[in-house]
Amino acid sequence: PGNNTFTYIFTPDRAGTYWYHAHYQMQYSDGMYGAFIVFDPTERSTFENLGSPYALENPEWTWMFADWYDVPAMQLMSDYLSPSSGGDEPVPDAFTVNNKFTNQFSIEADPFGDPVRVRVINAGTFSMFQLSVDGMPLQVIELDGNNVQPLDIQFIQLNVAQRCSFVLDFPRIASVLTNVSSVKIRFSVLGEMYPTYDDSAPYFDLFGTASKKPVNLEWVGTINFKGRNYPTDYSNPPTLGLPSPPDSNILEARSLKATRAPTPDYYFQILVQFYNDVQGVNKAHINGYSYVQNKTYGTRVVPALHKYLFGHDKTSDFASVSPNNKKVILGDPRNPVILPYGKCIELFINNTDGGEHPFHLHGHKFWIVSTNTFPNAGTLYKNNYLVRDVVSIPGQGWARIRFISDNPGAWMFHCHIPWHQAAGFVINFIVAPSMLRSNNSNTLMTIPSNQLAACNPPIKRIIKLGGYFNILNPANQSQFDRDQAQSLAAFMMAVNEINRNNQLLPNFELRVAVRSGS
């Protein structure tokens with residue numbers, strides 16, 4: 001809650017490059033984010049045994065890319081989610097790396113010293129970029145917290161929320177850098193991501209939403225070499241002759257620790273669409289439904305994190321065997337999808353939109369089996385699919401991923417472009433609800449009152465309205481309405497929690513309509 005604190009207690013069990021950020025509407029776009037690097041105590045000895053490029057002595061560099069809007073993104077959101085926008089996302093006014101604008105960032109390196117590991121995080125709101133360093137190969141060794149075998153490429157492409165580590169091995173190309181005192185770092189933003197971009201026109205035809213000024217799609221920084229006094233203009237960097245990644249997810253990278261993805265136990269298809277709602281607002285839809293953050297059940301909002309206490313816990317209600325003998329997960333797209341514990345789930349995401357979308361799964365990593373830009377990856381790498389936690393799905397394309405549902409709880413799967421998340425590109429998976437209940441049948445009762453207050457503000461509204469619940473199904477008065485019954489049960493638990501903490505409630509009347517004999 002505002003003017004309050006909250007303490008997260010967790011065990012980071014996966015080393016790698018991560019970041020923390022707010023997930024409410026556009027808050028992280030306005031600066032509520034930061035790098036979160038997890039080190040494995042055993043990683044260094046493992047890397048030392050492997051030798052270069054893993055055993056590095058130099059301090060690491062972390063570069064964090066972000067979009068910059070001249071006005072708060074929270075203000076722009078209301079304009080975006082209006083009929084007048086036509087679904088056109090706000091274009092950034094500029095870009096930053098480590099809070100520096102283009103030509104403001106520089107860092108020093110020893111051209112004959114040890115290689116340097118560089119961690120890169122795309123904390124953008126909308127932008128996808130290609131990163132290169134003039135005249136230098138980028139030796140990729142990590143993608144989204146997953147260590148990979150060294151892979152030399154010309155540039156790295158990252159969509160929103162994706163991360164990577166690569167090594168700059170200066171001694172390896174020292175002969176090329178003999179008469180050079182600096183090299184340029186280039187974050188080249190992909191203009192086709194923006195709705196107003198015209199690829200037949202020069203860059204200055206793209207204007208920022210707030211500033212109305214031309215947008216420079218290339219952010220430039222500098223690596224200065226110690227002891228060099230040559231002219232700094234590196235106007236003719238050598239051609240590397242290295243391959244370009246065949247797809248935006250770098251699927252040809254192989255995990256350092258090979259893991260074979262199991263044969264799927266269940267399949268679930270996700271259809272991604274944009275179209276206007278009844279108010280004329282261009283909304284994002286998953287399987288025909290646009291996610292609503294504060295969904296009400298009767299007079300109460302039920303947070304997804306608590307829904308497992310009252311939701312379905314029989315996976316057979318959601319699975320059927322299709323004619324080709326595949327177990328397909330069914331379900332109402334308006335509600336979270338229930339997943340059984342410890343099963344291999346394959347998702348097929350069909351992106352009918354023209355833009356590329358970075359989809360992220362909370363609480364799990366997944367294997368990227370294949371995409372429409374690299375369909376052969378499914379057979380080429382079946383013994384060691386690339387593991388990531390963000391998959392970039394090409395426009396008018398598709399992606400196939402697999403994961404093990406081994407982390408009980410409520411987890412979002414969503415497009416990580418905040419504009420699209422605000423427009424409804426979210427679906428919730430609830431893993432093993434019955435296991436969570438059996439582990440702690442009083443889970444809701446043990447939630448601290450301050451979190452309950454943050455997640456359950458409608459309690460006061462229920463009290464004000466008189467706390468009326470009709471728990472009969474409006475379509476069939478001989479059946480209970482599940483959502484209303486869940487709302488009543490949750491509300492009574494919430495009241496009990498408040499009373500247990502000696503918080504006074506005003507007098508209120510609770511009326512419950514139940515059919516006689518039910």
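All residue numbers refer to positions in the sequence shown, counting from 1. Reckoned from all heavy atoms, side chains included, excluding hydrogens, waters and symmetry mates.
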Is the count of non-hydrogen atoms from other residues, nucleotides or ligands lying under 6.0 Å from W68 atom CH2 greater than 12?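 For W68, atom CH2 is not crowded (no more than 12 foreign heavy atoms under 6.0 Å).
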
Has Q269 got more than 12 heavy atoms of other residues, nucleotides or ligands less than 6.0 Å from its CD?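 No - once you tally the heavy atoms of other residues, nucleotides and ligands closer than 6.0 Å, there are 12 at most.
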
According to the interplanar angle, ranging from 0 to 90°, do the rings of [X] and [Y] count as parallel (below 30°), tilted (30 to 60°) or perpendicular (above 60°)?
X: F429; Y: F403; result: tilted
X: W63; Y: F166; result: perpendicular
X: F65; Y: F95; result: parallel
X: F36; Y: Y20; result: perpendicular
X: H23; Y: H416; result: tilted
X: W219; Y: F105; result: tilted

With the threshold set at 4.0 Å, does a side-chain nitrogen-carboxylate oxygen contact exist between [X] and [Y]?
X: K343; Y: D265; result: no
X: E142; Y: R119; result: yes
X: D134; Y: R186; result: yes
X: R163; Y: D389; result: yes

State the [atom1]-[atom2] distance between [X] and [Y], to the nearest 0.5 angstrom.
X: I329; Y: L347; atom1: CD1; atom2: CG; value: 8.0 Å
X: M77; Y: W419; atom1: CE; atom2: CH2; value: 8.0 Å
X: Y33; Y: S29; atom1: OH; atom2: OG; value: 9.5 Å
X: S165; Y: R117; atom1: OG; atom2: CZ; value: 3.5 Å

Is a side-chain donor-acceptor pair under 3.5 Å present for [Y] with [X]?
X: N282; Y: Y80; answer: no
X: S255; Y: N146; answer: yes
X: S248; Y: E356; answer: yes
X: Q162; Y: H360; answer: no
X: D79; Y: S85; answer: no

Are F359 and F413 close enough that their ring centers fall under 6.0 Å?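 Ring-ring flag for F359/F413: true, centres closer than 6.0 Å.
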
Hey, are the side chains of [X] and [Y] touching, using non-hydrogen atoms and a 4.5 Å cut-off?
X: L138; Y: D152; value: no
X: S392; Y: M128; value: yes
X: F366; Y: I345; value: no
X: F126; Y: V160; value: no
X: V337; Y: I427; value: yes

Closest approach of [X] and [Y], non-hydrogen atoms and distance?
X: T125; Y: Y28; answer: CA-OH, 4.4 Å
X: L251; Y: I368; answer: CD2-CG2, 3.5 Å
X: S290; Y: A284; answer: OG-O, 2.8 Å
X: V120; Y: F129; answer: CG1-CZ, 4.1 Å
X: L81; Y: A422; answer: CD1-O, 3.8 Å
X: T373; Y: P394; answer: CG2-CG, 3.8 Å

Just by modelled atom types, is the [Y] backbone N or O under 3.5 Å from a matching donor or acceptor in the [X] side chain?
X: R14; Y: P12; value: no
X: S132; Y: F155; value: no
X: Q139; Y: P150; value: no
X: N372; Y: W398; value: yes

Ring pair (Phe, Tyr, Trp, His ring centres under 6.0 Å) with Y275: which residues, sequence neighbours excluded? H285

Residues in side chain to side chain donor-acceptor pair (under 3.5 Å) contact with W19, at least two apart in sequence or another chain: none

Begin with the C-alpha distance, continue with both residues' side-chain angles, and end with the deciding distance and a verdict on ring pair (Phe, Tyr, Trp, His ring centres under 6.0 Å) for F348 and F268. CA-CA 6 Å; F348 180 83; F268 185 66; over 10 Å; no

